[in-house]
Amino acid sequence: MPNDDQQDRPTSDRHVPVLLERCVTLLSGGVEAAIAAGRTPVVVDATLGMGGHSEAILARFPTATLVGIDRDEQALALAGARLAPFGERARLVHAVYDEIPEVLEELGLPGADGILMDLGVSSMQLDERERGFAYSYDAPLDMRMDTSRGPTAADVVNTYSVEDLVRIIRSWGEEKFAGRIAKNIVAERQKQPFTTTGQLVEAIRAVVPAAAARTGGHPAKRTFQALRIEVNEELDVLERAVPAAIGALTLGGRIVVMSYHSLEDRIVKAALQSRSRSTAPPGFPVELEEHRPELKIITKGTEVPTEAEIAENPRAASARLRAAERIRARSGA
């Protein structure tokens, strides 16, 4: 739980980036390929957050241009202050990370030599109580990553049907008590609309068996995850974002993705693996250029954090890391 003066602390003190050294090292191959080709390296931090990864990238690669993307205007402001010493090398954009190709085009950049995606909710969003992402303290029931637009979690729980609530809690939260929880949410909102996280936690706690809570963690954890994914359309965005990012990579460029639950990791795995296989028809006598794999997977399956990395940042415990390198030039590039 954050201290009351959390917002007044320097951003670098408030944020320990997940798997920082490993991510920067994986991106280095793409940067080196750009330098060898005589280009100024371009690295996209597609989920900028508080700018910790971006700061390390700019420091490690002194000739690189960093494009930082985030849908959260508060994150952009904090990261902007943190990255100000790097001047015009840091170019920050208010956008969603499935818009990488459009962002690069608007900035006049031909492609990306490295792309980093650190998925899920950011440390800042968890720590800012008024954002409503955490179930551990009472706050307005919001959960929007971009507070300038879209429905809140309160809108979802106060208006969705029982059937729709069951669907998202079961699908996005992988919650086996989704039916009980959805029915109680609808019953409770008829007495009083949900406006705070505390109200929602109590409605969930009332129907989740105590034994399940003892073995499966906080009883609201999975429902909160489901609502956050629904409010921010996270999996829909991710389904578009990974192929878009791959399409923006230059030859030798690398994509590095950290996910935090199985739903995200399955999407990332499928997208990377599909582009790392030949598309030649079975029995085809030769593999034409357009059939060759676009990517080479450079991580061994899904990599997990070490004990030292978890000790440095406990939020790294559930991280799953995948990375790939473009080995076939983009058509028209």
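Since the model is a prediction, treat every value here as computed from it, not as a measurement.
- Residues Arg180 and Glu175 form no side-chain contact, since every pair of their non-hydrogen atoms from C-beta on lies 4.5 Å or further apart.
- Residues Ile35 and Asp113 are not in side-chain contact: their nearest non-hydrogen atoms beyond the backbone lie 4.5 Å or more apart.
- Considering only heavy atoms from C-beta on, Arg39 comes within 4.5 Å of Thr250 through its side chain.
- With Leu321 as the fixed residue, the side-chain contact (heavy atoms from CB on, under 4.5 Å) test singles out one of Thr302, Leu26, Val18, Val268: Leu26.
- Put simply, the side chain of Arg82 gets close to the backbone of Met50: a donor and an acceptor are under 3.5 Å apart.
- Side chains of Tyr260 and Asp118: a donor on one and an acceptor on the other come within 3.5 Å.
- Residues Val44 and Leu251 are members of separate hydrophobic clusters, defined by side-chain heavy-atom contacts under 4.5 angstrom among Ile, Leu, Val, Met, Phe, Trp and Tyr.
- Rounded to the nearest 0.5 angstrom, Leu27 CG and Glu32 CD are separated by 11.0 Å.
- Taking each heavy atom of Leu165 and Arg189 in turn, the nearest pair found is CD1-NH1, 4.0 Å.
- Between Thr47 and Asp70, the closest heavy-atom pair is C-OD2, 3.9 Å.
- Counting only distance, with no hydrogens or angles, the side chain of Asn232 and the backbone of Glu234 share no donor-acceptor pair below 3.5 Å.
- Between the side chain of Arg89 and the main chain of Ala64, a donor-acceptor pair closer than 3.5 Å is present.
- To the nearest 0.5 Å, atoms CZ (Arg170) and CZ (Arg222) are separated by 13.5 Å.
- Contact check for Arg320 versus Lys269: no side-chain heavy atoms found under the 4.5 Å cut-off.
- The aromatic rings of Tyr135 and His218 lie tilted to each other, with the angle between the two planes from 30° to 60°.
- Both Ile169 and Val207 are members of a single hydrophobic cluster when ILVMFWY side chains are connected at heavy-atom separations under 4.5 Å.
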After noting the C-alpha distance and the side-chain angles of Val24 and His53, does the key distance pass the side-chain contact (heavy atoms from CB on, under 4.5 Å) rule? CA-CA 8 Å; Val24 175; His53 288 104; 5.6 Å; no
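- Put simply, the side chain of Thr197 gets close to the backbone of Tyr137: a donor and an acceptor are under 3.5 Å apart.
- At least one donor-acceptor pair under 3.5 Å links the side chain of Asn158 to the backbone N or O of Phe194.
- Distance check, rounded to the nearest 0.5 Å: CD of Glu325 to NZ of Lys296 gives 5.0 Å.
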With side-chain contact (heavy atoms from CB on, under 4.5 Å) as the criterion, how do Ile255 and Leu272 come out once you've worked through the C-alpha distance, each side chain's angles and the decisive distance to 0.1 Å? CA-CA 9 Å; Ile255 179 171; Leu272 296 185; 4.0 Å; yes
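- In this structure, Arg240 contributes its side chain and Asp98 its backbone to no donor-acceptor pair below 3.5 Å.
- Under the 4.5 Å side-chain heavy-atom criterion for Ile, Leu, Val, Met, Phe, Trp and Tyr, Val256 and Ile327 are members of distinct hydrophobic clusters.
- Looking at Leu19 and Asn313, their side chains never come closer than 4.5 Å, going by heavy atoms from C-beta outward.
- Thr65 places none of its side-chain heavy atoms less than 4.5 Å from the side chain of Leu107.
- Residues Val162 and Trp172 fall within the same hydrophobic cluster, defined by Ile, Leu, Val, Met, Phe, Trp and Tyr side chains chained together at heavy-atom separations under 4.5 Å.
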Chi angles and distances behind the side-chain contact (heavy atoms from CB on, under 4.5 Å) call for Leu227, Ile168: CA-CA 7 Å; Leu227 288 170; Ile168 67 166; 4.0 Å; yes
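- Contact detail for Ala271 and Ile246: the closest heavy-atom pair is O-CD1, 4.1 Å.
- Across Ile115 and Ala248, no two heavy atoms sit closer than the pair CD1-CB, 4.4 Å.
- Two residues are said to be in side-chain contact when any heavy atoms from C-beta on lie closer than 4.5 Å; Arg22 and Glu309 meet this criterion.
- For the pair Lys221 and Glu174, the salt-bridge criterion is not met [side-chain N within less than 4.0 Å of a carboxylate O].
- Ile100 and Leu109 fall within the same hydrophobic cluster, where Ile, Leu, Val, Met, Phe, Trp and Tyr residues are linked whenever their side-chain heavy atoms come under 4.5 Å apart, directly or through other members.
- Between atom CZ of residue Arg266 and atom NE2 of residue His261 there is a gap of 9.5 Å, rounded to the nearest 0.5 Å.
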Glu202/Glu188 under side-chain contact (heavy atoms from CB on, under 4.5 Å): CA gap, chis, key distance, verdict: CA-CA 10 Å; Glu202 289 309 309; Glu188 290 298 321; over 6 Å; no
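- Of all non-hydrogen atoms in Ala226 and Gly173, the two that sit nearest each other are CB-N, 3.5 Å.
- For the atom pair Ser54 OG and Ile69 CD1, the distance stands at 10.0 Å (nearest 0.5 Å).
- By the 4.5 Å heavy-atom criterion applied to side chains, Leu200 and Phe224 are counted as neighbours.
- The OG atom of Ser148 lies 10.5 Å from the CZ atom of Arg71; values are rounded to the nearest 0.5 Å.
- Counting only distance, with no hydrogens or angles, the side chain of Glu264 and the backbone of Leu235 share no donor-acceptor pair below 3.5 Å.
- Side-chain atoms of Ser262 and Asp265 form no donor-acceptor pair, as typed in the model, at a separation below 3.5 Å.
- Between Val157 and Ile185 the shortest heavy-atom distance is O-CG2, 3.6 Å.
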